[in-house]
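Notes follow once the structure below has been shown.
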Amino acid sequence: MPMTQPMLGLVDILPDRERLTDGAWLLRQFAFTNVASLLAEITCIAAQAPFRHLETPGGFRMSVAMTNCGALGWVSDRRGYRYTTHDPLSGRQWPSMPAVFSAIADSAARAAGFERFKPDACLVNRYIPGARLTLHQDKDEADLGAPIVSVSLGLPAVFLFGGNARQEKQRRILLQHGDVVVWGGPARLYHHGVLPLKDGDHPEVGTQRLNLTFRRTH
Ligand code: MD6
Ligand code: FE
């Protein structure tokens, strides 16, 4: 059994924490008090490393626009998926990870039973209405012992959450402004995706959804 398996205990009975499956937790509104600083930091990151639509190895343009912060950033092109220290657009290092990002990632991981989560990469996703993320696994990280922490901001989205096998039936989870999902342990390689974003206008974020996913890549 992996050492990162969340322990059953206090986290099971705290309010606003929903256990999705072994190793995966939905922490509703966990980021709520930090949203203003998270949004300000995203603006600052995007000024240095702009959102862009990456190309998949199969040659498709992703509908989700992406950028990164932290020591490593996730990129995709015709050669495949990988983590890089530098932004291929500018040739510069990715913007560093803001302190409020690392702090929220660590405290969310802790709330889900994972101690000392030190992410070295944060992928920032931007969805406009119609944008979607097809079913995938996050498996480009060398350290699969660490969980992934995902923070949702802005318009709500339906998150698909399946299992180890691609064809496994998926549950649908509505992720709203300030919600955090943590997953790792036995759920670390579960398939997941995001349904096409519905039209809407969020009072603080506008006509978009922003998502931060924190990873430990090595
Ligand atoms: C998103 N999230 O919510 C995309 N991956 O916009 C992910 O792909 C994801 O939320 C791994 C763990 C949590 C996630
Ligand atoms: Fe993912």
Side-chain angles (χ1 to χ4, degrees), residues 4 6 18-28 30-31 35 38-39 42 51-54 56 62-70 72-76 81-83 101 104-105 108-109 111-112 114 117 119-164 166 168 170-198 200 202 205 208-217:
T4 49
E18 186 188 336
R19 191 176 150 282
L20 298 172
T21 182
D22 227 8
W25 292 83
L26 170 56
L27 311 175
R28 284 204 187 84
F30 191 88
V35 291
L38 295 176
L39 290 169
I42 292 171
F51 283 104
R52 80 288 308 258
H53 295 271
L54 296 171
T56 67
M62 295 182 74
S63 61
V64 179
M66 298 181 177
T67 185
N68 292 280
C69 68
L72 291 153
W74 186 87
V75 297
S76 170
Y81 308 125
R82 65 198 170 276
Y83 282 95
F101 279 30
I104 200 146
F114 298 93
F117 177 49
D120 56 8
C122 175
L123 173 64
V124 188
N125 291 326
R126 187 185 66 193
Y127 297 72
I128 57 167
R132 62 195 282 261
L133 200 59
T134 53
L135 209 62
H136 67 278
Q137 294 171 292
D138 287 19
K139 56 179 182 188
D140 304 317
E141 300 75 29
D143 182 358
L144 293 176
I148 291 183
V149 172
S150 158
V151 179
S152 293
L153 299 165
L155 291 176
V158 177
F159 194 60
L160 298 175
F161 182 55
N164 276 324
R166 189 180 176 83
E168 229 167 288
Q170 299 121 31
R171 45 186 291 198
R172 292 168 175 228
I173 299 149
L174 187 70
L175 295 182
Q176 297 184 275
H177 187 57
D179 288 351
V180 176
V181 178
V182 180
W183 80 44
R188 180 62 180 74
L189 289 176
Y190 279 18
H191 285 78
H192 57 280
V194 178
L195 287 184
L197 194 76
K198 281 200 191 142
H202 188 275
V205 187
Q208 60 181 343
R209 169 177 184 259
L210 296 166
N211 170 263
L212 306 172
T213 57
F214 295 95
R215 298 99 188 274
R216 180 85 209 164
T217 65

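Both counts, for ligands and for their atoms, begin at 1 and track the order of listing.
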Nearest protein heavy atom to [atom], by residue and atom, and its distance?
atom                    : answer
atom 10 (O) of ligand 1 : Ser150 OG, 2.8 Å
atom 5 (N) of ligand 1  : His192 NE2, 2.7 Å
atom 11 (C) of ligand 1 : Asp138 OD2, 2.9 Å

For ligand 1, which atoms have a heavy atom of [X] less than 4.0 angstrom away?
X      : value
Asn125 : 4 (C), 6 (O)
Ile148 : 11 (C), 12 (C), 13 (C)
His136 : 8 (O)
Asn211 : 1 (C), 2 (N), 3 (O), 4 (C), 6 (O)

Quiz item: Does a sphere of radius 6.0 Å around CG in Leu54 hold more than 12 heavy atoms from other residues, nucleotides or ligands, not counting ones at 6.0 Å or beyond?
Solution: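 It does: Leu54 CG has more than 12 such atoms within range.
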
Practice problem: Have a look at the Fe ion (ligand 2) and estimate, to 10 degrees, the angle subtended by NE2 (His136) and NE2 (His192). | Solution: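 If I round to 10°, I get 80°.
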
Quiz item: Any N/O of Arg209 closer than 3.5 Å to an N/O of ligand 1?
Solution: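 Between Arg209 and ligand 1 (N or O atoms, distance only) the closest approach is under 3.5 Å.
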
Checking side-chain polar atoms at under 3.5 Å, does [X] have a donor or acceptor matched by the opposite partner on [Y]?
X      : Y      : answer
Tyr83  : Glu141 : yes
Thr213 : Arg215 : yes
Asp138 : His136 : yes
Thr217 : Asp120 : yes
Arg132 : Tyr127 : no
Asn68  : Trp74  : no

Quiz item: Taking the minimum heavy-atom distance to atom 1 (C) of ligand 1, which of Tyr190, Tyr127, Trp183 ranks first?
Solution: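 Closest candidate by heavy-atom distance is Tyr127.
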
Quiz item: Using 30° and 60° as the class limits, which term best fits the ring planes of Tyr190 and Phe161: parallel, tilted or perpendicular?
Solution: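 Ring orientation of Tyr190 relative to Phe161: tilted.
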
Exercise. Could you tell me whether Leu133 approaches ligand 1 through its side chain, its backbone, both or neither, with non-hydrogen atoms closer than 4.0 Å?
Key: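 Within the 4.0 Å criterion, Leu133 contacts ligand 1 through side-chain atoms alone.
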
Quiz item: Taking just the N, O or S atoms of Asp138, which one is nearest to the Fe ion (ligand 2)?
Solution: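 Of all N, O or S atoms belonging to Asp138, OD1 is the one nearest the Fe ion (ligand 2).
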
Quiz item: Thr213: heavy atom below 4.0 Å from ligand 1, yes or no?
Solution: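 Checking ligand 1 against Thr213, which is what was asked, there is a heavy-atom contact under 4.0 Å.
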
Quiz prompt | Rounded distance [0.5 Å steps], OG1 in Thr134 versus NE2 in His192 | solution =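 Rounded to the nearest 0.5 Å, the OG1-NE2 separation comes to 10.0 Å.
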
